[in-house]
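Report on the following structure.
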Amino acid sequence: ACHLLSEALQLRWATGFARLLRVLEATQPPAAAAPAPAGVRTLSADETAAFLAMCGRRIAHEPVQYILGQWDFAGRTLRIRAPMLCPRPETEELVSAAEEEVRALLAQWGGGEKDGSPPPRRVRVLDVGCGTGAVGLALAAAFPKAVEVVAIDVLPEAVRLAEENAAALRRDLPEAAYRAHHCAAGALRNGPAGPGSVQMRDLGVPAFDVVVANPPYIPSEDMASLPETVRRYEDQNALCGGADGLDVVRDIVDRLPEWTAGREAVCWLEVDRSHPPVLKRWLDAVAGCGARRLTVEFAESRRDAFGAPRFVKLRVAAR
């Protein structure tokens with residue numbers, strides 16, 4: 001309610017909520033006949049109408065992020081619109097894991113953060129299923145002179161929103177650091193391709209060093225148990241990953257050797273809590289058979305701040 005009241009009063013996004021919360025916590029409601037305390041005023045008719053309208057939307061379980069049209073993620077304010085997924089705090093941990101990989105590469109190559117010298121080239125990062133652009137933009141903003149993030153999404157609306165958010169950050173984010181394209185994971189190719197595919201060479205990228213994704217991962221039988229605020233408003237195709245939740249994850253795993261063009265690389269995924277052991281068994285079995293020059297290996301899994309096994313690191317490795 002405090003977020004909605006701050007919006008109705010048109011307070012500044014960066015400071016309004018915190019200031020209003022302090023006022024509300026420190027103010028005791030006056031008796032019915034008593035005058036309002038100093039510094040306290042009654043909402044205007046327009047402010048009251050705006051606040052009540054937003055409260056009505058929230059009572060109908062609409063996400064507060066959609067009502068406000070913006071939300072903070074990894075220290076930056078992003079525009080938010082339905083039906084793109086609202087950024088979750090645990091996904092910031094996915095960003096942190098990917099940042100570790102970028103730092104490790106920069107340290108290996110020489111140059112970068114510590115001495116301020118430019119790296120020999122930008123670390124190429126692929127953000128699969130960018131949505132609002134939250135993950136890829138956080139990485140680009142963390143390393144504006146050292147990464148090249150290419151973000152893809154199957155929804156044209158998501159690509160437009162990601163580009164809008166990138167444009168809002170352009171003062172601190174050079175164009176070379178981030179761009180978004182309309183493309184499904186299975187359609188991004190680096191070689192022979194069929195109808196509807198997008199070639200990496202057309203995007204100006206020969207190979208990626210790091211892949212990061214928060215793909216649809218909820219098993220279809222679990223969709224009905226989601227909170228109403230998620231189930232009714234957020235894009236079902238961005239949530240549901242098929243019968244076992246791994247449909248898009250399989251596309252990513254299948255494409256990883258191609259996306260890395262024969263080079264060793266890493267991939268961080270946000271997944272359902274049931275997925276880490278399933279992925280490990282599958283990839284361990286695949287690694288033990290066949291004769292492919294490159295294989296995708298299960299490297300590790302991590303728990304989120306709530307204790308759920310939520311993140312998986314995969315490694316593209318030469319046999």
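Atoms considered below: every heavy atom in the structure, side chains included; atoms not considered: hydrogens, waters and symmetry mates. Everything numeric in this text was worked out from a predicted model, so none of it was measured.
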Any residue meeting side chain to side chain contact (heavy atoms under 4.5 Å, CB included) with Pro277, in chain and number order, not counting sequence neighbours: Arg281
In one Ile/Leu/Val/Met/Phe/Trp/Tyr side-chain cluster, 4.5 Å: Leu239, Val248: no
Spacing of OG1 belonging to Thr132 relative to CG belonging to Leu161, to within rounding of 0.5 Å: 6.0 Å
Counting only N and O atoms by type, is there a donor-acceptor contact under 3.5 Å from the side chain of Thr229 to the main-chain atoms of His61? yes
Do Leu4 and Phe51 come close enough that some side-chain heavy atom pair is under 4.5 Å? yes
For Ile152 against Ala185, the heavy-atom pair lying closest together: CD1-CA, 4.1 Å
Which atom of Val253 lies closest to which atom of Val296, heavy atoms considered: O-CG2, 3.7 Å
Nearest-0.5 Å distance, CG of residue Leu105 to CZ of residue Arg103: 12.0 Å
When rounded to the nearest 0.5 Å, the distance separating CE of Met54 from CD1 of Ile59 is 12.5 Å
Does any pair with a residue in residues 120-142 pass salt bridge (charged side-chain N to carboxylate O under 4.0 Å, His left out), and if so which ones, sequence neighbours excluded? Arg121-Asp209
Run the side-chain contact (heavy atoms from CB on, under 4.5 Å) test on Leu188 and Leu126 for me, step by step, so that the C-alpha distance in whole Å, both residues' side-chain angles and the decisive distance to 0.1 Å come before the verdict. CA-CA 11 Å; Leu188 182 62; Leu126 175 63; 3.8 Å; yes
Are Val198 and Val159 connected in the hydrophobic side-chain network, where two residues link if heavy atoms are under 4.5 Å apart? no
Run the side-chain contact (heavy atoms from CB on, under 4.5 Å) test on Ile80 and Leu68 for me, step by step, so that the C-alpha distance in whole Å, both residues' side-chain angles and the decisive distance to 0.1 Å come before the verdict. CA-CA 8 Å; Ile80 309 294; Leu68 298 175; over 6 Å; no
Is it the case that the side chain of Asp235 and the backbone of Pro83 share a donor-acceptor pair, with hydrogens and angles ignored and the cut-off at 3.5 Å? no
Work out which heavy atom in Gly191 is nearest to a heavy atom in Glu258; give both atom names and the distance. N-OE2, 4.1 Å
Donor-acceptor pair, distance only, cut-off 3.5 Å: does the side chain of His275 make one with the backbone of Asp244? yes
Cys130 versus Val135: any side-chain heavy-atom pair under 4.5 Å? no
Tell me the ring-ring contact (aromatic ring centres under 6.0 Å, His included) pairs involving residues 160-209, sequence neighbours left out? none
For Trp259, which residues count as a side chain to side chain donor-acceptor pair (under 3.5 Å) partner, sequence neighbours excluded? none
Looking at Glu300 and Arg302, does any basic side-chain N land under 4.0 Å from a carboxylate oxygen? yes
Separation of Leu137 CG from Asn165 CG (nearest 0.5 Å): 6.0 Å
Is the backbone of Pro87 close enough, under 3.5 Å, to the side chain of Thr91 for a donor and an acceptor to pair up by distance? no
Sequence neighbours excluded, every pair satisfying salt bridge (charged side-chain N to carboxylate O under 4.0 Å, His left out) that has a member inside residues 45-68: Arg41-Glu47, Arg57-Glu62
Counting distance only, does the side-chain N/O of Arg315 pair as donor-acceptor with the main-chain N or O of Glu297 below 3.5 Å? no
Hphob cluster co-occupancy, Val64 + Leu78, side-chain heavy atoms under 4.5 angstrom: yes
For the side chain of Tyr233 and the backbone of Tyr66, is there at least one donor-acceptor N/O pair under 3.5 Å apart? no
Count I, L, V, M, F, W, Y as connected when their side-chain heavy atoms are under 4.5 Å apart, and connections chain through other members. Are Val266 and Phe143 then in the same cluster? yes
Side chains of residues 215-227: which donor-acceptor pairs under 3.5 Å do they make with residues two or more places apart or in other chains?
| unit_1 | atom_1 | unit_2 | atom_2 | d |
| --- | --- | --- | --- | --- |
| Tyr217 | OH | Glu270 | OE2 | 3.1 |
| Ser225 | OG | Asp222 | O | 2.7 |

Report yes if the side chains of Glu234 and Cys86 come closer than 4.5 Å at any heavy-atom pair, otherwise no. yes
Are any of the side-chain heavy atoms of Val211 and Leu269 separated by less than 4.5 Å? no
Using the side chain to side chain donor-acceptor pair (under 3.5 Å) criterion, which residues pair with Lys280? Sequence neighbours excluded. Asp284
Residues that Arg232 engages under side chain to side chain donor-acceptor pair (under 3.5 Å), provided they are two or more places apart: Glu228
Among all residues two or more places apart in sequence or in another chain, which pass the side chain to side chain donor-acceptor pair (under 3.5 Å) test with Asn190? none
Where do Leu173 and Ala141 come nearest, in terms of heavy atoms and distance? CD1-N, 3.7 Å
Would you compute the distance between atom CG of Leu279 and atom CG of Leu246 and round it to the nearest 0.5 angstrom? 5.5 Å
Between Val316 and Cys267, is any pair of side-chain heavy atoms under 4.5 Å apart? no
Testing the basics here: between Glu99 and Ala142, what is the closest heavy-atom pair and its distance to 0.1 Å? OE2-CB, 3.5 Å
Any donor-acceptor N/O pair, Thr260 side chain to Arg263 backbone, under 3.5 Å: yes
Heavy-atom donor-acceptor pair, Gln199 side chain to Ser197 backbone, under 3.5 Å: no
The reported gap from SG in Cys240 to CZ in Arg231 (rounded to nearest 0.5 angstrom) is 13.5 Å
Write out all pairs satisfying salt bridge (charged side-chain N to carboxylate O under 4.0 Å, His left out) with one or both partners inside residues 166-184, taking only residues at least two apart or from two chains. Glu148-Arg179
Can you run down the salt bridge (charged side-chain N to carboxylate O under 4.0 Å, His left out) pairs that involve residues 159-168, sequence neighbours left out, and say none if there aren't any? Arg79-Glu164, Arg81-Glu164
Asp304 and Arg88: salt bridge (Lys or Arg N to Asp or Glu O under 4.0 Å), yes or no, with the steps? CA-CA 11 Å; Asp304 63 22; Arg88 269 73 166 173; over 6 Å; no
Can a salt bridge be assigned to the pair Glu93 and Arg310 using a cut-off of 4.0 Å between side-chain N and carboxylate O? no
So which heavy atom on Glu264 is nearest to which on Ala317, and how close? CG-CA, 4.2 Å
Would you list the atom pairs, donor with acceptor, under 3.5 Å between side chains in residues 69-77 and any protein atom, with sequence neighbours excluded?
| unit_1 | atom_1 | unit_2 | atom_2 | d |
| --- | --- | --- | --- | --- |
| Asp72 | OD1 | Trp13 | NE1 | 2.9 |
| Asp72 | OD1 | Thr77 | OG1 | 2.6 |
| Arg76 | NH1 | Ala74 | O | 2.8 |
| Thr77 | OG1 | Trp13 | NE1 | 3.2 |

Are Val125 and Val150 packed together at the side-chain level, in the sense that at least one heavy-atom pair is separated by less than 4.5 angstrom? no
Are Leu169 and Leu139 connected in the hydrophobic side-chain network, where two residues link if heavy atoms are under 4.5 Å apart? yes
